[in-house]
Protein chains: 2
Amino acid sequence: MIDQTQLKRISDALPILQKSNTQLIRDFQQVAFFAKIPAGHDVFLEGDRVDAIALLLSGVVRVYKIGETGREITLYRFGNGQSCILTANAILSQKTFPAVATVEQDAEAVMIPAKDFREWVARYDVWREFVFELLSQRLATVMAIVDEIAFRRMDARLASLLLTRSRVQNPMRVTHQEIAAELGSSREVVSRLLEDFSERGFVRVGRGEVEVIDPDGLQSRSNA
Amino acid sequence: MIDQTQLKRISDALPILQKSNTQLIRDFQQVAFFAKIPAGHDVFLEGDRVDAIALLLSGVVRVYKIGETGREITLYRFGNGQSCILTANAILSQKTFPAVATVEQDAEAVMIPAKDFREWVARYDVWREFVFELLSQRLATVMAIVDEIAFRRMDARLASLLLTRSRVQNPMRVTHQEIAAELGSSREVVSRLLEDFSERGFVRVGRGEVEVIDPDGLQSRSNA
DNA sequence: ATTTTGTCGGTGACAAAGTCACCAAGTTTC
DNA sequence: GAAACTTGGTGACTTTGTCACCGACAAAAT
C-alpha cells in the first residue's frame with residue numbers, strides 16, 4: 001500500500017507511472033509496497049521462485065552468473081526506474097530465477113506481487129510496453145555478452161572495460177577480483193594483463209585502484 | 001495474401017492461428033504471404049534491417065553468431081510453428097538483426113510485414129502472448145549459453161552435445177567443423193576431443209560421422 | 001604501538017583451449 | 001583418371017584458467 005506522499009516520490013523516479021492512466025495508478029497504490037535493500041544483499045539466487053517484481057527507485061543491482069569454480073560473470077546492471085526483467089520473465093513463464101542478483105549500492109524499490117504484475121501485463125498497454133522494452137534490451141545485452149566471451153580476447157575486453165569505466169571515474173576504485181567477476185575471468189589473468197598494460201604505460205595500478213593514463217593505447221588494444 | 005486452401009495448411013502448422021479470433025485471421029489473410037526458402041540460404045545477416053517476420057511452417061533455421069576469425073556459435077534453432085524472435089525484437093525496438101540466420105532444412109514460411117506485426121502486438125492478446133513466450137524462451141536459452149561458454153569445459157559440452165544428438169540419430173552425420181560451429185569452438189579442438197573419446201571407447205568416428213557407443217561414459221564426462 | 005586477521009595482489013607450474021601452417025586421405029567433378 | 005574440394009590429423013605456439021602458495025598492506029583488536 002502506497003500513500004500520496006510516497007506516490008509523489010515514486011512517480012518522479014518511475015517514468016512509466018507518469019504515462020499511466022488513473023486506473024493503473026490506483027491499482028498500483030493498492031498492491032505495491034515499498035522496500036529498502038542495503039548494499040551487499042542478494043535479491044535473488046539461482047533457482048529462487050519469484051513472488052514479486054522490483055522496480056528500482058534508487059541504487060544499483062548487478063545480475064550475474066556464477067560457475068562451479070566460483071568464477072562470476074556479470075550479465076547486466078539496472079538502476080533508476082528500471083526493473084529486473086529476469087524477474088518478470090520468471091514470473092510470466094512460471095520458471096525460477098536463472099541467475100544471482102545483488103544490490104551494489106543501497107537500493108529503494110517498489111515491489112509488485114507476481115499475481116498483479118501478470119494481470120497488468122495483459123490489461124495495460126503502457127505496462128506491457130515497459131516489460132517488452134526491458135525484455136528486448138536484455139536479450140540484446142546478453143547476446144552481446146555471448147559474442148564477447150565467445151570471440152573477443154581478454155586483453156581487448158579488459159581494455160574496453162577500463163575505457164568505459166574511466167569515463168565515469170578515472171583513478172577508479174576497483175579490485176582485480178571485481179574486474180575478473182565483471183568479465184567472467186579470474187583474478188590472476190586480470191592481474192597479469194594489468195601488469196602488462198602498466199608496463200606499456202596504458203595504466204597506473206595501485207591497491208584497489210586503477211588509473212587510465214593512455215586511453216589511445218587501450219583503445220587500440222580493445223579493437224584488436 | 002493467403003487464400004483458403006493455403007490457410008488450411010497454415011493453420012495446421014501454426015497453433016497460434018487456431019487460438020485466434022476471426023478478426024486476427026482476416027488480418028492475417030490480408031497481409032501475410034507465403035515463401036519457400038531453400039537450405040543453405042541466409043535469411044538474415046548481422047546488421048540487416050528487418051522488414052518482415054517469418055513464421056516457419058516446415059524446415060529448420062539456425063541462428064548463430066560469427067566472430068572475426070570465422071568461428072561460429074549457435075544461439076538456437078527454430079522450426080515448426082515457431083518464429084525467429086530476434087526478428088520480432090529487431091522490429092519492435094527498431095534495431096538491426098544482431099546475428100546470422102540460415103536455413104538448415106528447406107523451409108516454408110509465412111511472412112508478415114513489420115508494420116502489421118507491430119500493430120498486432122498492440123491489438124491482439126493471443127499474438128502478444130505468442131511473442132512474449134518466444135522472447136522469454138530465447139532469453140532463457142541465450143543465458144544458458146552464456147553459462148555454458150563461461151564455465152563449462154569443452155569436453156563436457158561436447159559430451160552433452162553428442163548425447164543429445166545421439167538420441168535423435170545414432171550414427172550421426174556431422175562433420176567436426178559443424179560440431180565446432182555448434183559449440184563455438186574450433187575444428188582442431190573438436191577433433192582432438194573426439195580422438196580422445198574414441199580412444200576411451202565412448203564413440204566411433206568416421207568421415208562425416210560420429211557414433212555414440214558408450215553413453216554412460218559420455219554422461220560422466222558431461223557432468224564433470 | 002604492536003599484534004592479529006583479513007584483503008589484495010604477485011608468481012610459477014600446469015592444463016585447457018584457440019590459432020596457424022601444413023599435410024594426407026577421401027570424395028566429387030570434370 | 002586427374003584436378004579440385006572437403007574432411008580431418010599434427011605439431012608448435014599463444015592465450016586463458018586453475019592451483020598452491022606467498023608477501024604486502026590495511027583495518028581491527030589487544
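Only this structure's heavy atoms are used, side chains among them; waters, hydrogens and symmetry mates stay out. Lettering follows sequence order; numbering is per chain, from 1.
In this structure, CG of D196(B) is placed 15 Å from C1' of dG9(D), rounded to the nearest angstrom. Note: CG (L158(A)) to C1' (dT15(D)) measures 14 Å, nearest angstrom. Regarding Q177(A), its CD atom lies at a distance of 17 Å from the P atom of dG6(C), rounded to whole Å. Rounded to whole angstrom, the span from the CZ atom of R71(A) across to the C1' atom of dA15(C) amounts to 13 Å. Distance I179(A) CD1 to dT16(D) P: 15 Å, rounded to the nearest Å. Atom CZ in R207(B) sits about 15 Å away from atom P in dA24(C), given to the nearest Å. As rounded to whole Å, 13 Å separates atom P of dA17(C) from atom CG of L194(B). Rounded to a whole Å, the CD atom of E199(B) is 11 Å from the P atom of dG9(D).
Side-chain nitrogen and oxygen atoms of S185(B) include none within less than 4.0 Å of the OP1 or OP2 phosphate oxygen of dA17(C). Considering only side-chain N and O atoms, H176(B) lies under 4.0 angstrom from the phosphate OP1 or OP2 of dG8(D). Under 4.0 angstrom from either OP1 or OP2 of dT7(D) there lies no side-chain N or O belonging to T175(B).
Interatomic distance, OG1 of T74(A) versus CD1 of I145(A), reported as 7.5 Å (0.5 Å rounding). Taking CD of E104(A) as the reference point, atom CD of E178(A) lies at 8.0 Å (rounded to 0.5 Å).
What you find for P113(A) and V31(A) is that their closest heavy atoms are CD-O, 3.6 Å.
When each of dT10(D), dG18(C), dT7(C) is scored by its nearest atom to the side-chain atoms of E195(B), the top-ranked nucleotide is dT10(D). In the set dC22(C), dG17(D), dC8(C), the nucleotide with an atom closest to the side chain of R187(B) is dC22(C). Checking dT16(D), dG18(C), dG26(C) against the side-chain heavy atoms of V189(B) singles out dG18(C) as nearest. For S191(B), taking side-chain heavy atoms from C-beta onward, the closest of the listed nucleotides dG9(D), dG9(C), dG17(D) is dG9(D). For E188(B), the side-chain atoms get nearest to dT19(C) when compared with the rest of dT16(D), dT7(D), dT19(C). Closest to the side chain of M154(B), from the set dG18(C), dG26(C), dA26(D), is dG18(C).
R192(B) comes within 4.0 angstrom of a base, heavy atoms only. When heavy atoms are screened at a 4.0 angstrom cut-off, S186(B) is found touching base atoms of the nucleic acid. Using a 4.0 Å heavy-atom cutoff across all strands shown, R153(B) reaches sugar-phosphate atoms only and no base atom.
Between V103(A) and V60(A), the closest side-chain pair of non-hydrogen atoms is not below 4.5 Å.
Geometrically, R221(B) does not engage F197(B) in a cation-pi contact, judged by NZ or CZ lying under 6.0 Å from the ring centre and within 45° of the ring axis.
Of the residues near DNA chain C, G208(A) and F151(A), the one whose nearest nucleotide (by heavy atom distance) lies more toward the 5' end is G208(A).
Looking at K65(A), its side chain does come within 3.5 Å of a backbone N or O of P98(A) through a donor-acceptor pair.
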